[in-house]
K.L.:
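Dumping the structure here so I can ask a few things about it.
Both counts, for ligands and for their atoms, begin at 1 and track the order of listing.
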Amino acid sequence: MLDFKNIAAQVLNEHIESMSIEEINDNFEVPKYSHMGDLAFPCFKLAKIFRKAPKMIAEELAEKLNKGENFEKISAEGGYVNFTISKAILAKEILVKIKTEKDEFGSSNLGNDKTTIVEFSSTNIAKPFHIGHIRSTMIGNSLYRIYKFLGYDAVAINHLGDYGTQFGKLIVAFKLWGDKETIENDPIPELLKLYVKFHEEAEINPKLDEEARMWFNKLENNDNEAYELWKWIRDESLEEFNRVYKMLGVHFDSFAGESFYSDKMPAVLEEMRSKNIMKKDQGAEIVDLSEHDMPPALITKQDGSSLYITRDLAAAFYRKKHYDFYKNIYVVGSQQHLHFQQWFKIIELMDHEWAKDCIHVEFGTISLEEGSLSTRKGKIIFLEDVLNKATEQTLNIINEKNPNLENKNEVAKDVGVGAVVFQELSNNRIKDYTFSWEQTLSFEGETGPYVQYTHARACSVLKKADSKVELDVDFSLLNDERSVEVIRALNKFSEVIISAADKNEPSIITRYIVDLAQEFNRFYHDNPIITDDKELTKARVLLVDAVRQTIKNGLYLIGLKAPEKM
Ligand code: ARG
């Protein structure tokens, strides 16, 4: 495909000597509104060199630049020079590209196989996989897919919370009140019950806490009984988690959780001691971070046992050594902001330049509309229940609207689960949001079902047209406003993915596919696809197919399936 960006950069470069074509290339943005064109070049950085206001620079450049045959318009808008690509050329380039690249459309080798770790989900063993976990799980899953798509060697890690004093508590509780069979029948809720009971009993009998500490200590020292019990709890929990991951279509390359680093901590602690990073504080070891406006970080407890942060430090060192990452991304809620800033700083203080490559991708909280979710087990809403309920409700809708649909159950799952995931990835990740059933399952508005339905509609149109999707079409027939807008939208896809990766923000893709679906539905409303004019039909069929493909690829990147019938 013609690289319009690069062509525009060359055109600009003739009049901007202070910037190389490559630099110019890197500066392009997508114009805010499509009527402004396809590429926007900001002139703000040029103000110093040209000693003029950006607005004026843009105007002068727009006047001088040579459009050539590829651009039909070059104009100034505020401090930007906007390029509008020639309609017929763009149509041909983009539609041929999509038809040729298919499921790969939008992908690239930008990442050059550089290793990017995306750590996400990282649920705690023996604790419920609740609705709140959808955030890290689906944001992370999407980022993992995005990085892979862009040619990074992405690694999906689940840093399971499978270590710490709470396992001491569980072991004690199990030995006192637990029953193996009961737990194996319904692991997480039963383990949760034990955990809750432990805390109630420990209020009355503080000795229990001591015993729990002792058992965790045994675990850290490879005591056989402690290890067997711990492993059993871990296996039972993982089995449950994996069921949810399967429903969500989420894959991990590694489940190296906190326990994995228990034997990797001493070396890091040694290095910290030898670099004088830590100081003793009443038998414990801390890192004083007051110079960096942070509270001290507790690294080892008085009894020598490790903490959450100790394991994070060890994990980062291990990952650097084992994967030699280019980026090491942590998809974890913003409540842990300080935790990550503290240990990133510690690695920096240890003089490891790769501290800067560790990135905390934060997100806000999810809350529930009071009472609308009725599945209350304790005070917890299991994610699996939400996904099942969404699937059930979707099946009801299908039974109402399209009872003869084949693979009804499969489609209900793809759409129901998809709806929940789509809503999750609709908002800027940092924003808090309230989960809403009504919004999630609506077929109208900016929802998963709406986008999937648009995709299915495109599939059904193509089926009806019953003509092969061909490339040798008369592209000038796609010059009506609606078609042009759709083509412009298709052309943005690659940029959108790159921008989503730059900002670690899957919602950029979610919003894009909503826009594309809306644009397509406007097109479809105004333009019959199957007409008496064979050439016109052929051109429109190609366009419909391109939209189908692009929505499918976009849905894939946010972790959704694209059923062909709904
Ligand atoms: N298991 C932790 C929790 O549920 C999240 C782990 C986040 N990742 C990390 N490397 N600290 O809070």
K.L.:
Could you identify the single nearest non-hydrogen protein atom to atom 12 (O) of ligand 1 and state the distance to 0.1 Å?
P.N.:
Gln336 NE2, 3.0 Å
K.L.:
Tell me which protein heavy atom sits closest to atom 8 (N) of ligand 1, plus the residue, atom name and distance to 0.1 Å.
P.N.:
Glu119 OE2, 2.8 Å
K.L.:
Is any side-chain heavy atom of Tyr433 less than 4.5 Å from a side-chain heavy atom of Gln423?
P.N.:
yes
K.L.:
Might you confirm whether atom NZ of Lys561 has over 12 heavy atoms from other residues, nucleotides or ligands at distances under 6.0 Å?
P.N.:
no
K.L.:
Around atom 6 (C) of ligand 1, find the nearest protein heavy atom and jot down its residue, atom name and distance.
P.N.:
Tyr308 OH, 3.2 Å
K.L.:
Using the salt bridge (Lys or Arg N to Asp or Glu O under 4.0 Å) criterion, which residues pair with Glu29? Sequence neighbours excluded.
P.N.:
none
K.L.:
What protein heavy atom sits nearest atom 4 (O) of ligand 1, and how far away is it?
P.N.:
Asn124 ND2, 3.1 Å
K.L.:
Mark up the atoms of ligand 1 that fall under 4.0 Å of a heavy atom belonging to His159, in ascending order.
P.N.:
8 (N), 9 (C), 10 (N)
K.L.:
With a cut-off of 6.0 Å (strictly less than), are more than 12 heavy atoms of other residues, nucleotides or ligands near CZ of Phe255?
P.N.:
yes
K.L.:
A quick test of your reading: do over 12 heavy atoms of other residues, nucleotides or ligands sit less than 6.0 Å from NZ of Lys503?
P.N.:
no
K.L.:
If the cut-off is 4.0 Å to any non-hydrogen atom of Tyr330, which atoms of ligand 1 fall inside it?
P.N.:
10 (N)
K.L.:
Under 4.0 Å from a heavy atom of Phe340: give me the atoms of ligand 1 that qualify, with their elements.
P.N.:
9 (C), 11 (N)
K.L.:
What are the atoms of ligand 1, with element, lying closer than 4.0 Å to any heavy atom of Val332?
P.N.:
7 (C), 8 (N)
K.L.:
Of all the non-hydrogen atoms in the protein, which one sits nearest to atom 10 (N) of ligand 1, and at what distance?
P.N.:
Asp312 OD1, 2.7 Å
K.L.:
Lys431: which residues meet the salt bridge (Lys or Arg N to Asp or Glu O under 4.0 Å) condition with it, sequence neighbours left out?
P.N.:
none
K.L.:
Has Glu210 got more than 12 heavy atoms of other residues, nucleotides or ligands less than 6.0 Å from its CD?
P.N.:
no
